[in-house]
Every structure is written in structure tokens, then in C-alpha cells.
There are 2 protein chains.
Amino acid sequence: MSRPRQTRKVTLRDVADRAGVSISTASLVFSGRGPVADATAERVRGAASDLGYAGPDPLASSLRQGRSGTVAVIVEDRLLHAFRDPFALAVLDGLAQELDAMGTSMLLLADHADSPDNPLAAHAVDAAIFPLCGRSDSPIVDHLTARHIPMVGAGAPVHDEVVHVVIDERGASATATRHLVELGHTRLAHVTMPLGAPRPTHTLDVDDLEAATYPDSRERALGFLDLAPHGSPVVEAEHPDVAEGEAAARLLLDVDPEHRPTGIVAQSDLLAAGVVRAARALGLAVPADVSVTGFDGVDLPWLDTRLTTIEQPGEAKGRLLGDLTRRALAGESPASTPFEVRLRVGDSTGRAPGSSGA
Amino acid sequence: MSRPRQTRKVTLRDVADRAGVSISTASLVFSGRGPVADATAERVRGAASDLGYAGPDPLASSLRQGRSGTVAVIVEDRLLHAFRDPFALAVLDGLAQELDAMGTSMLLLADHADSPDNPLAAHAVDAAIFPLCGRSDSPIVDHLTARHIPMVGAGAPVHDEVVHVVIDERGASATATRHLVELGHTRLAHVTMPLGAPRPTHTLDVDDLEAATYPDSRERALGFLDLAPHGSPVVEAEHPDVAEGEAAARLLLDVDPEHRPTGIVAQSDLLAAGVVRAARALGLAVPADVSVTGFDGVDLPWLDTRLTTIEQPGEAKGRLLGDLTRRALAGESPASTPFEVRLRVGDSTGRAPGSSGA
DNA sequence: AGAGACTATCGAATCGATTCGACTCGATCG
DNA sequence: CGATCGAGTCGAATCGATTCGATAGTCTCT
């Protein structure tokens with residue numbers, strides 16, 4: 001009988017009774033919030049340990065105090081997809097560090113587009129964080145607004161009540177594109193992350209961008225189009241991973257060499273890595289035949305090329321999300337905050353084949 | 001003034017008052033647990049929407065019902081490290097699926113060895129899961145035991161109250177080793193995951209295995225030693241990732257060819273991938289010069305070799321963890337459950353150089 | 001028409017704490 | 001010596017729901 005099933009749950013009242021003090025005094029011992037004589041405190045602690053009392057029930061405590069010490073971290077779709085990207089992990093890691101320092105824990109919630117019921121209805125959280133760019137709107141937001149729960153996001157969902165870490169996605173993407181233009185590339189192409197519900201990797205009709213539900217993907221695509229020659233092909237990847245990056249690149253590169261792009265702007269490093277791999281598989285050298293740019297600046301130890309990319313320090317971004325959350329919980333009303341990214345030139349880009357220059 | 005700060009929080013009592021019913025009736029409307037006349041229900045819902053009531057407060061509801069609908073998912077160290085391994089992600093994904101189906105959410109908790117205070121003291125959870133192999137013991141376990149909170153683990157922590165998914169780590173590792181022996185390899189080596197607190201990648205004194213705090217790493221090492229020639233070198237990687245796999249392999253392979261191992265058993269696919277890369281960097285062909293085995297059977301799209309490995313379906317393992325949790329929460333006392341793994345032969349192993357045979 | 005069953009509703013107890021105001025008792029002060 | 005103060009303790013209100021048992025009314029069956 002290792003489990004004493006019969007014993008009713010031990011509560012603060014039991015401890016107080018055994019120690020011969022009132023419940024309120026016992027409570028003060030555990031919270032350390034009031035003056036208690038050393039002898040009394042010792043008696044209460046002794047009673048607690050005699051009874052196997054493991055401290056105040058978090059639920060009751062939270063109810064009374066009106067805070068749960070928990071924030072919701074909302075990711076779309078399955079966790080597997082969300083965390084496959086090292087950039088997402090870096091953001092989450094930075095966020096976790098910051099939350100940890102404030103004694104707050106993360107309730108990981110998947111916001112499936114299809115599910116009718118709201119997972120947040122059943123869980124008490126002090127704030128909600130949307131750490132990864134996702135859909136531009138979500139029914140969850142209305143629920144949280146009604147509950148007056150502060151929300152922090154990284155670009156999405158777009159809503160007045162959500163405080164954002166703001167990145168100039170369009171400008172950054174344009175910067176990457178400009179880098180290729182300045183290297184003499186004239187035949188450019190773009191590989192986007194999903195713009196909405198996953199569709200098999202395909203060449204995009206640029207007019208479809210209007211309908212995009214993922215604002216960051218759309219902005220990056222617009223940044224490319226701002227500088228790329230009119231009619232430059234854009235491929236939308238089904239998932240933002242290496243395999244779909246390869247698939248996208250095959251669509252772009254496996255064509256008549258006359259029309260083959262010499263510079264490809266990819267919306268993430270994983271996609272860019274896929275493009276590099278596909279190019280090599282087709283017998284093309286990077287960057288001699290094809291230049292490739294990524295986005296995020298993640299560390300891919302298995303890729304032999306150092307990508308030219310938009311460096312976006314994920315951990316710092318996560319910490320910033322955490323800091324905004326902290327301030328929101330403290331009662332401040334933090335404003336959306338810009339977050340700087342910059343071009344880092346690596347070995348995956350070079351002068352356009354046949355172009356002159358340094 | 002988009003935020004009506006003054007308004008006191010809307011509670012069920014306010015809704016009931018406005019609808020002209022008792023609190024209990026209003027409660028029944030939201031929980032759907034009792035008979036309520038359609039007209040009454042409609043009135044209550046109307047009042048709720050008038051007042052901007054977003055449903056019963058989860059904290060109060062949980063307190064009364066004695067369940068929080070949350071389970072703790074405990075990982076060691078920083079999330080970044082825990083989830084870098086695709087295998088860990090697969091387990092987590094399977095677990096998330098199962099928990100999702102039961103309407104339970106995951107509270108992600110990092111159990112840092114150094115931190116004095118217990119993150120679980122402040123959070124209400126119905127169960128705790130240790131989905132990844134970690135330290136064999138943790139102070140958290142005692143706390144959870146005192147609270148009568150069921151625990152489910154994947155090999156660690158080792159404790160009577162923790163229900164486990166049990167894998168024959170030692171046997172599986174021996175199987176991988178036997179595969180190499182049967183291919184004629186006589187100079188074997190082993191690369192382990194960390195056995196305790198991270199130490200720079202180094203050649204291990206086999207006697208140190210006794211002190212290992214990570215039971216799965218130790219068992220796998222023992223499985224290797226069961227079949228490998230006496231004195232075969234064992235290297236402990238600082239982290240279970242590609243970079244340290246490479247570092248470990250350099251220690252083993254960058255030696256006089258006479259003594260160079262021709263078969264390396266790695267404790268994870270990431271480590272094995274690093275070994276393959278390091279071998280190639282040293283001008284050695286895989287498997288012609290060196291055979292390599294991994295563990296887990298994860299998909300590494302960027303690795304051109306299909307690893308010979310111990311296939312361990314992570315998603316299924318995660319689902320099994322979820323199922324054990326479900327049963328524990330239902331009041332059953334599920335027993336620890338074995339989980340089968342098996343050797344999958346790929347392209348990273350072949351006959352020992354110079355050995356005859358098919 | 002009266003017994004029995006069922007529906008709809010309500011009041012009160014309860015979950016397990018935190019916290020406010022009041023009270024007691026010595027010690028300090030003028 | 002009486003007023004004041006602070007430390008230590010306690011009782012009661014409160015957080016916001018769920019749920020049990022009671023009650024009144026309606027319908028069915030014989």
C-alpha cells in the first residue's frame with residue numbers, strides 16, 4: 001500500500017489546526033507576507049511536514065490573488081511544424097528565459113484553424129503571446145479582449161489590443177533583393193513561406209498576394225517585388241522547410257538556362273538551404289551560377305555554405321516579447337516596439353554570371 | 001479610451017442578475033450540465049453577451065472541480081537544447097496530439113538543476129510528464145508525490161511513483177553493435193550523449209559510467225560495451241547535436257589508420273550525422289572506410305546518407321506517454337509499458353574494409 | 001383524483017486559499 | 001501612569017465559480 005488513498009487532501013486548515021494557530025497565521029507562514037513569531041512559524045512548518053503538506057494549493061491561491069502565473073504561448077498548427085524551424089526555437093528560447101526570470105510559466109496552446117472550441121476558455125492565463133508570425137486574425141483574440149487579458153505578438157494577429165514586436169519585413173526583403181541587384185543579377189526569383197493554408201508548392205500568381213493571411217510572408221514578397229524586375233517568378237512553398245525549399249527551387253531552376261534565374265531570394269534560411277541543395281543537385285554552383293539569400297540568420301551546421309541572409313536575432317526577439325509581456329502584466333501599456341534586422345553577406349551570393357565587376 | 005478600465009470584472013453573478021435567474025441556473029447554462037428551459041438559456045446568453053461576459057472564470061471553475069485541465073511537461077535545461085533534436089520534437093508532437101484530444105493543455109516547465117525553487121509549487125497541474133530522458137532523479141518528484149499528482153516518464157526520473165514508457169536501450173544499442181560485428185568490423189568505437197552535466201566532448205574512462213545521471217545514455221553505452229571488443233574507445237559528446245558529433249568523430253578518426261575504428265556506434269542520429277560529416281571531411285568514405293550507426297530514426301533531409309539506425313517512432317512514443325497520462329488521470333493506475341524499437345539498415349554501414357563476404 | 005416521475009429553478013455549502021480590519025499584549029514615551 | 005505604538009494573531013469576508021438537495025410546478029398513468 002504505497003498510496004494512502006483514503007486520506008482526504010491535506011489543506012492549510014489541517015496544518016493550522018495541528019499547529020494550534022489560525023488559518024490566517026498559517027497562510028502568512030507560507031507566503032512570508034506578514035510578521036510571524038519564529039517559534040510559531042517553526043511549529044507551522046513542522047505540522048506541514050508531519051502531514052505531508054506541500055504548500056498552498058496553487059488554484060486557490062491563484063483565484064484569490066487574481067493571477068495564475070501563467071501565460072499562454074499560442075502557436076498555430078501542430079507543434080511539430082511550429083518548432084521545426086530553428087528560428088522559432090530561438091525565439092521561444094529567449095521568451096522562456098525572460099518569462100522564467102519573472103517566475104512565469106508557458107502554457108503551450110495550439111490554435112488549430114479548424115477546431116470550433118477555444119482552448120483558452122478552459123485555462124487561466126495572465127497574458128497571451130503569439131511568438132511566431134501566424135494568421136493575421138484569430139477568434140482567440142476576441143475572447144482574450146473580452147477577458148481583458150493583455151496580448152503580445154510578433155506581427156500577427158493584427159489587432160489593436162495586441163502589442164507587437166515590429167519588424168520591417170518589407171524593407172528587409174527589399175534589402176536582400178537590392179543586394180542581388182547590385183551584384184548585377186537581372187533574372188531574379190522569390191520563394192515565399194506559406195501565405196495562408198498550406199497548398200502544394202507552386203508558382204504564385206502575384207495578384208493572390210492580396211488574399212494572403214500571413215502578413216509577414218506577404219510583406220516579404222512585396223519587398224521582393226518592389227525591386228525585382230516586373231514578372232519575376234514567385235513560388236509559394238507548402239511548408240517553410242528544407243524539403244519544400246528544394247521543391248520550390250526545382251520549379252525555378254529546372255528550366256531553359258536562358259530563362260533560369262541567377263538570383264533567388266528566399267523568405268527563410270531553411271528555404272534558402274533547400275534552394276542551395278536543389279541547385280547543386282541540378283549541377284549548378286552556388287554562388288557561381290545561382291546566388292541565394294535567406295532570412296533569419298540561423299545556424300545550420302550541416303550546410304557547408306554560409307548563407308547571405310537577413311540577420312534577425314531570434315533569442316533577442318523572444319526576450320523582447322517577454323519584456324513586453326512583463327510590462328503589460330505590470331500594468332503599463334507598452335507600445336509596439338520596432339526590432340532591427342540587417343543584411344549579413346555570406347558565401348551564397350556573388351556577382352551575376354557574365355556580369356563584370358569587382 | 002479603448003479600455004474601460006473602471007468596470008469591475010463581470011462575473012456569473014452579474015449575468016445571472018441581469019437575466020433574472022439564480023447563479024446556479026446561469027452556471028448550468030454555461031456548463032450544459034443540467035436541464036434549463038430554452039427561453040431561460042437564451043436570456044442568460046443574451047445577458048452574457050450584453051455584459052461582455054466571456055464565460056466562467058477558469059480559475060474558479062478549476063478550483064471547484066478540482067482539476068485544472070493542464071499537465072506539466074517537464075524538460076531539462078533550456079528549451080532550445082531540449083527541442084533541437086527532431087526526435088524530441090516528434091515525441092512532443094505525439095504527446096500534444098493525444099493531450100489535445102483529451103482537452104488538456106501543456107504547461108512547459110524547465111527544470112534547471114541549479115534553481116532552488118520549484119516552479120511547480122506555483123502552478124496547478126493534473127499530472128506531470130517527463131517526455132525526454134533526463135536526470136535519473138529530480139527534487140520535483142518528491143513535491144509531486146506529496147501532492148498525489150500522477151507522473152509519467154520516458155525512462156527518467158527513476159522513481160516508484162513514475163509510470164514509464166520503457167525502452168530496452170541496452171539491448172537496442174547492443175543490436176546496433178552486433179550489426180557492425182556481423183559485418184566484420186573489429187575496431188569499434190562509441191559516441192555517447194551527455195551522461196550528466198555537460199562536459200566538453202572527450203574520451204571517456206569507462207569506469208565513469210557508474211556515475212552517469214542520465215540512465216538512457218548509460219544503458220546505451222553498456223549495450224555497446226556488451227559486444228564491442230574490450231578497450232574500444234568511448235567518447236562523450238558535450239551536447240547531442242551535429243556539431244558535437246563531428247567533434248567526437250574527429251577525436252576517434254583523426255588517428256593513425258592502423259588504429260582507426262572502422263565502425264562507430266552513435267547514440268543518436270544527430271550525433272551519427274556529425275560523425276558522417278566529420279569522416280567525409282577527413283577524406284574517409286561512408287561506409288567504405290567507416291560504418292556509422294545512429295539511434296532514433298529521425299528524418300534528416302539534409303543528410304545524403306540514409307543512416308543505419310535504431311528506429312524509435314517518436315510520435316508513437318509521445319502518444320503512448322499521452323495515453324498513460326490519460327489513464328492516470330482517469331483514476332486507473334497504469335503500469336509501465338514497454339515500447340519496441342528495431343534496427344533499420346541504411347546506407348551508412350557496410351562490410352569492414354578488407355573483410356571478405358557478401 | 002392522487003401517486004409518481006420528471007422538469008426547471010433556486011439557496012446554500014463548498015473548493016482552499018489570501019487579506020483586511022480588529023484585537024491583545026508588552027514595550028516605549030512624555 | 002496613561003497614551004501610543006508595533007508585533008503577533010485571529011475571525012470573517014472574499015475570490016468566482018460548481019453542485020447537492022429541496023421545492024414548486026407539470027405531465028402521465030391508473
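These values consider heavy atoms only, across backbone and side chains, with no hydrogens, waters or symmetry-generated copies. A note on names: the letters A, B, ... follow the listed sequences, proteins ahead of strands, and every chain is numbered from 1.
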[X] near the nucleic acid: base, sugar-phosphate alone, or nothing, with a heavy-atom cut-off under 4.0 Å?
| X | result |
| --- | --- |
| I23(B) | base |
| S27(B) | base |
| S24(B) | base |
| P56(A) | sugar-phosphate |

Can you tell if the side chain of T337(B) reaches within under 4.5 Å of the side chain of V166(B), non-hydrogen atoms only?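 Of all side-chain heavy-atom pairs linking V166(B) with T337(B), none is under 4.5 Å.
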Taking the side chain as every heavy atom from C-beta outward, state whether V71(A) and V125(A) have any atom pair closer than 4.5 Å.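 No, every pair of side-chain atoms sits at 4.5 Å or beyond.
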Atom [atom1] of [X] and atom [atom2] of [N]: how far apart are they, to the nearest Å?
| X | N | atom1 | atom2 | value |
| --- | --- | --- | --- | --- |
| L12(A) | dC10(D) | CG | C1' | 13 Å |
| F30(A) | dG16(C) | CZ | P | 15 Å |
| R43(B) | dA8(C) | CZ | C1' | 12 Å |
| L63(B) | dA17(D) | CG | C1' | 8 Å |
| Q65(B) | dG16(D) | CD | P | 17 Å |
| D38(B) | dA8(C) | CG | P | 8 Å |
| H148(B) | dG16(C) | NE2 | P | 13 Å |
| D17(A) | dC10(D) | CG | P | 11 Å |

Would a distance-only check, ignoring hydrogens and angles, find a side-chain to backbone donor-acceptor pair under 3.5 Å from R327(B) to P334(B)?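 No; judged by distance alone, with no hydrogens or angles, the pair does not exist.
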Quick check for you: among [options], whose closest atom lies nearest to any side-chain atom of [X]?
| X | options | value |
| --- | --- | --- |
| Y53(A) | dA17(C), dG16(C), dT18(C) | dA17(C) |
| A37(A) | dT18(D), dA17(C), dG8(D) | dG8(D) |
| T40(A) | dA12(C), dT19(C), dG8(D) | dG8(D) |
| P35(B) | dA8(C), dG16(C), dA17(D) | dA8(C) |
| V21(B) | dT18(D), dG16(D), dC10(C) | dC10(C) |

So that I can tick it off, tell me whether K9(A) and D14(A) are bridged by a salt bridge, with the cut-off set at under 4.0 angstrom between side-chain N and carboxylate O.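 A salt bridge is absent here (no side-chain N lies under 4.0 Å from a carboxylate O).
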Does L28(B) or R13(A) map to a spot on DNA chain C nearer the 5' end, using the closest nucleotide for each?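 Mapping each residue to its closest nucleotide by heavy atoms, the 5'-most match is L28(B).
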Specify the residue among R64(B) and V36(B) whose closest nucleotide of DNA chain C lies further upstream toward the 5′ end.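 Here V36(B) is the residue nearer the 5' end.
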Taking N and O atoms by type only, does the side chain of S22(A) place a donor or acceptor under 3.5 Å from a partner on the base of dG11(D)?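 No, the side chain and the base share no sub-3.5 Å donor-acceptor pair.
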A72(B) to L109(B) - nearest heavy-atom pair and separation: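 Minimum heavy-atom contact is CB-CD1, 3.9 Å.
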